[in-house]
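The first residue of the sequence shown is numbered 1, and numbering continues consecutively from there. Only a predicted model underlies this, so the values are computations on that prediction, with no experimental measurement involved.
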Amino acid sequence: MISQRTIGFAAVFTPLWFLAIYLVMSDMRPEYSHSRDAISELGSLDAPNIWAWNIFGYILPGLVIALLGTGLKREFSPLGRVATIPFVALMASGLFMTLSGVFPANMADFESVTTVVHIIGSTGCFIAFLVAGFWLPFCFRRRISWHWLAWPSLALVVGSIVTGFLRSGDMGGVGQRLTFSCFFLWVALLGFALLRTNERPGVV
């Protein structure tokens with residue numbers, strides 16, 4: 001069984017990992033625009049480093065996020081069966097992200113099977129994240145050592161929605177990157193809380 005501390009550390013490290021992979025992959029494509037192009041284009045079917053991006057940029061981070069959901073579910077198991085729903089949603093968010101990496105988008109054919117599944121993965125990831133993001137603060141407020149996390153985590157969830165309205169026009173890529181930032185900061189924050197709690201045995 002993977003320890004809670006290991007899961008927490010992996011979640012904290014994931015945004016840095018994603019950013020590093022993003023910068024390396026985008027730097028290898030001089031024509032790539034950070035403000036205009038979608039992040040998925042780094043792993044689209046016509047991308048020169050298609051599987052490097054999809055494995056290290058989507059699949060591995062998605063698996064870590066799913067693992068974070070497992071760790072949090074384990075941490076909050078005494079709260080009962082209903083409280084498991086947001087943690088399952090978090091697991092689903094990570095698995096949907098992994099799915100979007102397994103099925104790269106075809107930017108020339110948005111009706112192709114691989115593109116449709118990619119979109120399902122991306123959309124499912126965000127919807128499951130919203131379910132977890134709006135529900136988890138209620139769980140956090142039921143544990144003394146997790147009270148502090150309720151409002152900051154909720155603020156990042158709201159931020160991910162607000163930045164979504166910027167995803168249009170020539171600067172649509174900026175809005176997408178801000179949404180990704182809110183999502184990954186939220187993941188890191190939850191990972192830090194899990195790591196912090198398991199550094200202080202006996203605190204509930």
Trainee: Which value, rounded to the nearest 0.5 Å, describes the distance between T197 atom OG1 and Q4 atom CD?
Mentor: 9.5 Å
Trainee: So does N106 get a backbone contact from the side chain of T115, meaning a donor-acceptor N/O pair under 3.5 Å?
Mentor: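 Looks like yes, one N/O pair under 3.5 Å.
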Trainee: I would like to know whether W151 and R141 meet side chain to side chain contact (heavy atoms under 4.5 Å, CB included); could you show each step before the answer?
Mentor: CA-CA 10 Å; W151 286 112; R141 293 187 64 82; 3.9 Å; yes
Trainee: Is the closest side-chain heavy-atom distance between T6 and S3 below 4.5 Å?
Mentor: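 The answer is yes; the side chains approach within 4.5 Å.
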Trainee: Go through the steps to decide whether L90 and L190 satisfy the test side chain to side chain contact (heavy atoms under 4.5 Å, CB included), and finish with yes or no.
Mentor: CA-CA 11 Å; L90 178 54; L190 267 59; 4.2 Å; yes
Trainee: Do any N or O atoms from the side chain of S44 and from the backbone of S40 form a donor-acceptor pair under 3.5 angstrom?
Mentor: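 No, because the side chain of S44 does not come within donor-acceptor range (under 3.5 Å) of the backbone of S40.
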Trainee: Can you find a heavy atom in the side chain of S93 that is under 4.5 Å from one in the side chain of C125?
Mentor: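 Yes - at least one pair of side-chain heavy atoms lies under 4.5 Å apart.
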Trainee: With a 6.0 Å cut-off on ring centres, are F180 and Y22 close enough?
Mentor: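 Here the rings of Y22 and F180 have centres that are no less than 6.0 Å from each other.
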Trainee: Under a 3.5 Å distance rule, please check whether N198 uses its side chain to pair with a backbone N or O of R5 as donor and acceptor.
Mentor: no
Trainee: Answer with yes or no after comparing the ring centroid distance for W186 and F129 against a 6.0 Å cut-off, counting only values under it.
Mentor: yes
Trainee: Could you give me the CA-CA distance, side-chain angles and deciding distance for F184 and L16, then say whether side chain to side chain contact (heavy atoms under 4.5 Å, CB included) is met?
Mentor: CA-CA 9 Å; F184 276 111; L16 297 176; over 6 Å; no
Trainee: Is it the case that over 12 heavy atoms from other parts of the model lie below 6.0 angstrom from the CH2 atom of W148?
Mentor: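 Atom CH2 in W148 is packed in, count exceeds 12.
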Trainee: Rounded at 0.5 Å granularity, tell me how far CH2 in W146 sits from CG in L194.
Mentor: 5.0 Å
Trainee: Mind checking the CD-CZ spacing from E41 to R36? Nearest 0.5 Å is all I need.
Mentor: 8.0 Å
Trainee: With side chain to side chain contact (heavy atoms under 4.5 Å, CB included) as the test, would you mind laying out the steps for I39 and R177 before giving the verdict?
Mentor: CA-CA 8 Å; I39 293 176; R177 283 151 183 78; 4.0 Å; yes
Trainee: Side chains of T179 and S160: is there a donor and an acceptor less than 3.5 Å apart?
Mentor: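 Looking only at side-chain atoms, S160 and T179 do not form any donor-acceptor pair under 3.5 Å.
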Trainee: Using a distance-only test with no angle check, is there a side-chain donor-acceptor pair under 3.5 angstrom linking T114 and S112?
Mentor: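 Note: T114 and S112 side chains miss the donor-acceptor criterion.
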Trainee: Please name the pair of heavy atoms, one in F18 and one in P61, separated by the smallest distance, quoted to 0.1 Å.
Mentor: CD1-CG, 4.5 Å
Trainee: Looking at F76 versus W135, is the centre-to-centre ring distance below 6.0 Å?
Mentor: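 F76 vs W135: aromatic centres not under 6.0 Å.
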